[in-house]
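The structure appears below as structure tokens.
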Amino acid sequence: MTLSPLTRRRLAQFRANKRGFWSLWIFLFLLLLALSAEFIANDKPLLVKYEGKYFAPVFFNYPETTFGGDFETEAEYRDPYVREKIAANGWALWPPIPFSFDTINYTLPQPAPSPPTRDNWLGTDDQGRDVAARVIYGFRISVLFGLALTLVSSVIGIAAGAVQGYYGGRLDMTMQRVIEVWSSMPSLYILIIFSSMFIPGFWTLLLILLLFSWMSLVDVVRAEFLRARNFDYVRAAHALGISNPVIMWRHVLPNAMVATITFMPFILTGSITALTSLDFLGLGLPPGSPSLGELLAQGKNNLQAPWLGIAAFFSLAIMLSLLTFIGEAVRDAFDPRKMNL
């Protein structure tokens with residue numbers, strides 16, 4: 001695919017921002033690690049060879065009887081009895097962190113929360129769960145939740161701003177008054193009320209946060225459509241009989257997307273922060289879910305275990321800093337004043 005000269009200049013400008021360019025690669029690397037969390041932190045072996053046969057517990061469930069046990073239920077691979085059976089007739093390949101996000105370590109050297117050891121690299125939380133595993137899984141949920149919320153809210157916000165700016169008149173005034181009233185409401189208190197009313201979950205939280213996050217791009221897109229609807233090429237398209245939806249999609253929206261794309265990394269940062277805040281308050285994901293906000297709350301409640309707060313703080317700080325640097329590089333790439341013409 002051949003890139004236009006404008007796109008090539010934007011890519012060159014993005015690469016020129018070394019901090020943002022390398023932040024993108026570091027973030028993609030961390031995201032790739034988080035997406036493959038089951039292969040990095042799991043309480044099941046990646047591969048088992050038993051009596052000449054190979055098994056993949058990370059993909060499939062096997063009863064204990066498969067490995068010479070007594071029960072038809074799924075094998076508990078951390079059980080010393082099952083480990084001895086496998087070791088006597090084969091071997092098991094474990095991930096680097098032999099704990100999942102909800103695995104409780106019953107062989108801790110001291111009561112939970114316990115400090116970092118060779119088995120638990122970042123220590124354990126107050127329930128004996130491995131902090132490193134919960135950070136990896138929590139990073140994945142935070143990023144995926146932020147991406148989903150950013151995508152859906154951007155689609156709704158762009159559509160609302162486009163309709164307002166293109167048609168104008170009473171429709172624009174009515175929608176503006178509705179947005180002003182809705183945006184003036186205390187969003188945090190409303191989010192807390194809704195979160196306490198409904199059973200917490202990934203999609204429930206997404207819908208609740210979507211109530212307010214969709215307004216972040218409306219003003220930007222509305223201003224671009226108000227400016228572009230009177231351009232000569234739009235009037236020419238009207239004269240040729242092209243329908244309004246086609247004009248909005250093909251001719252006006254590409255211009256509005258320039259400003260929209262520059263805001264998206266910052267919207268993603270805000271989405272992740274919102275989820276973390278609700279989890280910190282105990283109104284986010286269901287109890288037991290790997291959450292950086294819940295880990296922060298544990299750090300606050302267990303000041304004698306500083307590794308909890310340190311792990312959550314640095315995870316959030318690194319993730320949000322990388323996204324901020326990426327957003328700055330994208331902003332510079334689309335800024336016509338910084339292009340090397």
Side-chain angles (χ1 to χ4, degrees), residues 23 25-46 57-58 76-80 83 92-146 202 269 272-273 275-282 284-325:
S23 295
W25 284 108
I26 295 172
F27 179 78
L28 292 177
F29 175 74
L30 295 177
L31 179 59
L32 179 62
L33 291 180
L35 292 177
S36 56
E38 285 77 10
F39 301 96
I40 300 174
N42 207 327
D43 55 3
K44 299 178 181 179
L46 302 177
V58 71
E76 177 58 51
Y77 298 96
R78 292 185 54 83
D79 188 344
R83 285 197 170 196
L93 176 63
W94 286 86
I97 302 175
F99 301 95
S100 187
F101 66 89
D102 56 352
T103 305
I104 298 177
N105 188 357
Y106 293 101
T107 60
L108 294 175
Q110 64 184 66
S114 62
T117 61
R118 179 184 295 180
D119 293 331
N120 304 106
W121 299 349
L122 297 179
T124 62
D125 63 6
D126 56 8
Q127 298 183 36
R129 299 170 299 191
D130 187 76
V131 173
R134 293 186 67 80
V135 166
I136 295 173
Y137 284 89
F139 182 93
R140 179 171 68 179
I141 287 184
S142 298
V143 173
L144 293 181
F145 182 90
F202 185 93
T269 302
I272 295 174
T273 305
L275 176 64
T276 303
S277 302
L278 289 178
D279 287 337
F280 179 80
L281 296 174
L285 296 171
S289 301
S291 165
L292 298 179
E294 187 261 351
L295 193 59
L296 277 176
Q298 286 202 35
K300 179 181 72 72
N301 297 329
N302 298 276
L303 297 179
Q304 79 282 3
W307 54 88
L308 296 176
I310 291 174
F313 170 77
F314 277 100
S315 300
L316 287 169
I318 292 172
M319 174 170 50
L320 298 180
S321 297
L322 291 175
L323 289 174
T324 301
F325 295 153

Please walk me through it: do Ile136 and Ile97 pass side-chain contact (heavy atoms from CB on, under 4.5 Å)?
CA-CA 11 Å; Ile136 295 173; Ile97 302 175; 3.9 Å; yes

Side-chain heavy atoms of Pro113 within contact of Asp125, under 4.5 Å
no

Will you find, in the side chains of Asn105 and Thr103, an N or O donor that is under 3.5 Å from an N or O acceptor?
no

Student check: side-chain heavy atoms of Leu292 and Met319 closer than 4.5 Å:
yes

Should Gln298 and Arg129 count as side-chain neighbours, where that means a heavy-atom distance under 4.5 Å?
yes

May I ask you to decide if Leu285's main-chain N or O and Asp279's side chain share a donor-acceptor pair within less than 3.5 Å?
yes

Output all residues satisfying side chain to side chain donor-acceptor pair (under 3.5 Å) with Glu38, sequence neighbours left out; order by chain, then residue number.
Arg140

Working note: Val143 + Leu35, criterion side-chain contact (heavy atoms from CB on, under 4.5 Å); need CA distance, chi angles, decisive distance, verdict.
CA-CA 10 Å; Val143 173; Leu35 292 177; over 6 Å; no

At their closest point, which heavy atom of Arg78 faces which heavy atom of Trp94, and how far apart are they?
CG-CH2, 4.0 Å

Say you draw a straight line from CD1 of Ile40 to CG of Leu33; how long is it, rounded to the nearest 0.5 Å?
4.5 Å

Could you grab the distance from atom CD1 of Ile141 to atom OG1 of Thr276, nearest 0.5 Å is fine?
11.0 Å

Check Tyr137 against Ala41 and note the closest heavy-atom contact, atom names and distance.
OH-O, 2.7 Å

Begin from the C-alpha positions of Asn120 and Phe99 and carry the test side-chain contact (heavy atoms from CB on, under 4.5 Å) through to its verdict.
CA-CA 9 Å; Asn120 304 106; Phe99 301 95; 3.5 Å; yes

Is there a side-chain contact (heavy atoms from CB on, under 4.5 Å) between Leu122 and Leu308 once you walk through the steps?
CA-CA 8 Å; Leu122 297 179; Leu308 296 176; over 6 Å; no

Indicate the ring-plane relationship of Phe27 and Phe139, choosing parallel, tilted or perpendicular according to the 30° and 60° boundaries.
tilted

Less than 4.0 Å between a side-chain N and a carboxylate O, is that true for Lys300 and Glu294?
no

A side-chain contact here means heavy atoms from C-beta on lying under 4.5 Å apart; do Pro115 and Gln110 qualify?
yes

Mind checking the OG-CD1 spacing from Ser142 to Ile272? Nearest 0.5 Å is all I need.
6.5 Å

Out of curiosity, Asn302 CG to Trp307 CH2, how far, rounded to the nearest 0.5 Å?
8.5 Å

Between Leu93 and Pro45, is there a side-chain heavy-atom distance shorter than 4.5 Å?
no

State, yes or no, whether a side-chain contact exists between Asn301 and Asp126 at a heavy-atom distance under 4.5 Å.
no

Please report the closest heavy-atom contact between Tyr77 and Arg83, naming both atoms and the distance.
O-CG, 3.1 Å

Reported CG-to-CG distance for the pair Leu295 and Leu316, which is rounded to 0.5 angstrom:
8.5 Å

Checking Ser114 now: which residues fulfil side chain to side chain donor-acceptor pair (under 3.5 Å) with it, not counting sequence neighbours?
Thr124

What closest approach, in Å, do Trp121 and Pro96 show between heavy atoms, and which atom pair accounts for it?
CZ2-O, 3.6 Å

Rounded distance [0.5 Å steps], CD1 in Ile104 versus CG in Asp130
12.0 Å

Heavy-atom donor-acceptor pair, Ser289 side chain to Pro286 backbone, under 3.5 Å
yes

